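Predicted, not measured: the structure shown is a model, and the values here were computed from it. Heavy atoms only: backbone and side chains are in, while hydrogens, waters and symmetry mates are out. Read the numbers this way: they start at 1 and go in the same order the structure lists the ligands and their atoms.
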Amino acid sequence: MIHYRSLGFVNTRVMFAVAVRAGFAVPAYNFNNMEQLQAIVLSCLETRSPVIIQVSKGARDYADRTLLGHMAHGAVEMMKREAAENGLGEIPIALHLDHGDSYDLCVSCIESGFSSVMIDGSHHVYEDNAALTRRVVDLAHLHDVTVEGELGVLAGVEDEVAAESHTYTRPEEVEDFVSRTGVDSLAISIGTSHGAYKFKVGQSPRIRLDILHEIERRIPDFPIVLHGSSSIPQDAVEAINRCGGSIKDSVGIPEEQLREAARSAVCKINIDSDGRLVMTAKIREIFSRNPEEFDPRKYLGPAREALREMYARKNREVLGSAGRAPEIVTAQVGIQYSREVKNE
Ligand code: G3H
Ligand code: 13P
Ligand code: ZN
């Protein structure tokens, strides 16, 4: 068992408490490779933002779970060195399992140094979802790992299962689910969806903030998570299609609506597809301008830079997380101090 604290990660408890109180959302960005991970961590360091670096089951298989764990640990070390060299304060980083679909997968992540796991039982009937989630919480809390549960089903591809339409979270279920399972945060379905195809062009995308507000009324200040929150940058889609790609027309979640959600109890916003589009656009542009290019550093490097700019802008303009790291670090230090005093 490798405990996440020995790797320099924090769980999400303090981040979420500060985010709910101050009205911002912590970015939860997915990574599968070194360039994405560097862009995420360096953009968050540069904007003084806390961050949740998240890993799906697919990412674990793609990058190899052992290598991925070492990369995540290395990212914390890189952040510390960059912070020291540039006279910056360190930022809190949580390592999170995204869409864990089984008890065993959650156990494997907890044992290998994850500080937070999602158990996604949303495709099960309510009772089975609650029972599975409770089981994961019981184990996770023994190690002070935080747990995200989910109620309601997002349209799109989730856990490699395609759902045709949304099943919105039923506000009348949330109190029972949260108290019965002991989860630390709850992902809800209010009209966001996974992937690059969310709304048709010409539709006016609207997330159901009314459902969010009703949930908040029933579980005040409880940390809420939004999945499927990419905004599908149209300039990236156009660049991909101009340079030989074929991405169908679609629009994502308007950034103003995400900003509004982040001001409420939504304290974690998941974004993956926007990064995939920005990265692909940059690589395609380079290949179409320089078809003779074959050094991966010459196309992955600029793609990493484009990603870094995108994440920094999201932190500043959409999530409101820029500049929030110091108060989380201070609160975290206080908790660490009382833990040490208690153990003396
Ligand atoms: O919610 C899904 C995330 O975008 C991860 O996607 O399962 O293809 O890695 P993935
Ligand atoms: P997007 O596909 O909208 O980026 O959502 C990502 C996500 O929810 C990861 O869990
Ligand atoms: Zn998701």
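- Annotation: Arg170, atom CZ; neighbour count of heavy atoms from other residues, nucleotides and ligands within 6.0 Å does not exceed 12.
- Note: an N/O pair closer than 3.5 Å links Gly195 and ligand 2 by distance alone.
- The backbone N or O of His96 lies less than 3.5 Å from no partner atom in the side chain of Ser116, so there is not a single donor-acceptor pair.
- For atom 10 (P) of ligand 1, the nearest non-hydrogen atom from the set Arg276, Lys57, His99 belongs to Arg276.
- No hydrogens or angles considered: a donor-acceptor pair under 3.5 Å links the side chains of Ser108 and Arg60.
- Test Thr192, Thr169, Ile190 against Arg208 for side chain to side chain contact (heavy atoms under 4.5 Å, CB included) and you get one pass: Ile190.
- Between His3 and His143, the ring-plane angle classifies as tilted under the 30° and 60° cut-offs.
- Side chains of Ile271 and Pro27 form no contact here, defined as non-hydrogen atoms less than 4.5 Å apart.
- Side-chain atoms of Ser189 come within 3.5 Å of backbone atoms of Thr167 as a donor-acceptor pair (strictly under, hydrogens ignored).
- When Ser230, Ala187, Gly228, Ser229 are ranked by how near their heavy atoms come to atom 4 (O) of ligand 2, first place goes to Ser230.
- Using a 4.0 Å cut-off to heavy atoms of Ile271, the atoms of ligand 2 that qualify are 4 (O).
- Within the listing of ligand 2, atoms 3 (O) sit less than 4.0 angstrom from a heavy atom of Ser193.
- Given atom 2 (O) of ligand 2, the protein heavy atom at minimum distance is Ser273 OG, 2.7 Å.
- For His194, a nitrogen or oxygen atom sits less than 3.5 Å from a nitrogen or oxygen atom of ligand 1, counting backbone and side chain alike.
- Near Asp272, with a cut-off below 4.0 Å to any heavy atom, the atoms of ligand 1 are 3 (C), 4 (O), 5 (C), 6 (O).
- Of all atoms in ligand 2, numbered sequentially from 1 with element shown, those under 4.0 Å from a heavy atom of His99 are 10 (O).
- In this structure, Met118 falls outside the shell of residues with a heavy atom less than 4.0 angstrom from ligand 1.
- Each of the atoms 9 (C) of ligand 2 lies under 4.0 Å from some heavy atom of Asn30.
- With ligand atoms numbered from 1 in the order given, ligand 1 contributes 3 (C), 5 (C) to contacts under 4.0 Å with heavy atoms of Asn30.
- For ligand 1, the atoms lying closer than 4.0 Å to a non-hydrogen atom of Ser56 are 5 (C), 7 (O), 9 (O), 10 (P).
- Within ligand 2, the atoms closer than 4.0 Å to a non-hydrogen atom of His227 are 8 (O), 10 (O), numbered from 1 in the order shown.
- For residues 316-335, every residue pair satisfying the side chain to side chain donor-acceptor pair (under 3.5 Å) rule, not counting sequence neighbours, is listed here: Ser49-Ser321, Arg313-Glu317, Arg324-Glu327.
- With the Zn ion (ligand 3) as the vertex, NE2 of His99 and ND1 of His227 span 90° to the nearest 10°.
- Ion pair Arg289/Glu285 not flagged as a salt bridge, since none of the NZ, NE, NH1 or NH2 atoms sits closer than 4.0 Å to an Asp/Glu carboxylate oxygen.
- No part of Ser56 comes within 4.0 Å of ligand 2, judged by heavy-atom distances.
- Against a heavy-atom cut-off of under 4.0 Å, Lys198 is close to the following atoms of ligand 2: 1 (P), 2 (O), 3 (O).
- Of the protein's non-hydrogen atoms, Asp98 OD2, 2.7 Å is the one closest to atom 10 (O) of ligand 2.
- Side chain of Gln257 to main chain of Pro254: no donor-acceptor pair is present (N/O by atom type, distance under 3.5 Å, no hydrogens or angles).
- The name of the N, O or S atom in His194 nearest to the Zn ion (ligand 3) is NE2.
- The ligand atoms of ligand 2 that sit less than 4.0 angstrom from a heavy atom of His194 are 2 (O), 5 (O), 6 (C), 7 (C), 8 (O), 10 (O).
- Ligand 1 places these atoms under 4.0 Å from at least one heavy atom of Asp98: 1 (O), 3 (C).
- Shown here is Lys298, whose NZ atom has no more than 12 heavy atoms of other residues, nucleotides or ligands within 6.0 Å.
- The residues Glu214 and Arg217 are annotated as salt-bridged, a charged nitrogen and a carboxylate oxygen being separated by less than 4.0 angstrom.
- Other residues, nucleotides and ligands contribute at most 12 non-hydrogen atoms within 6.0 Å of the OH atom of Tyr62.
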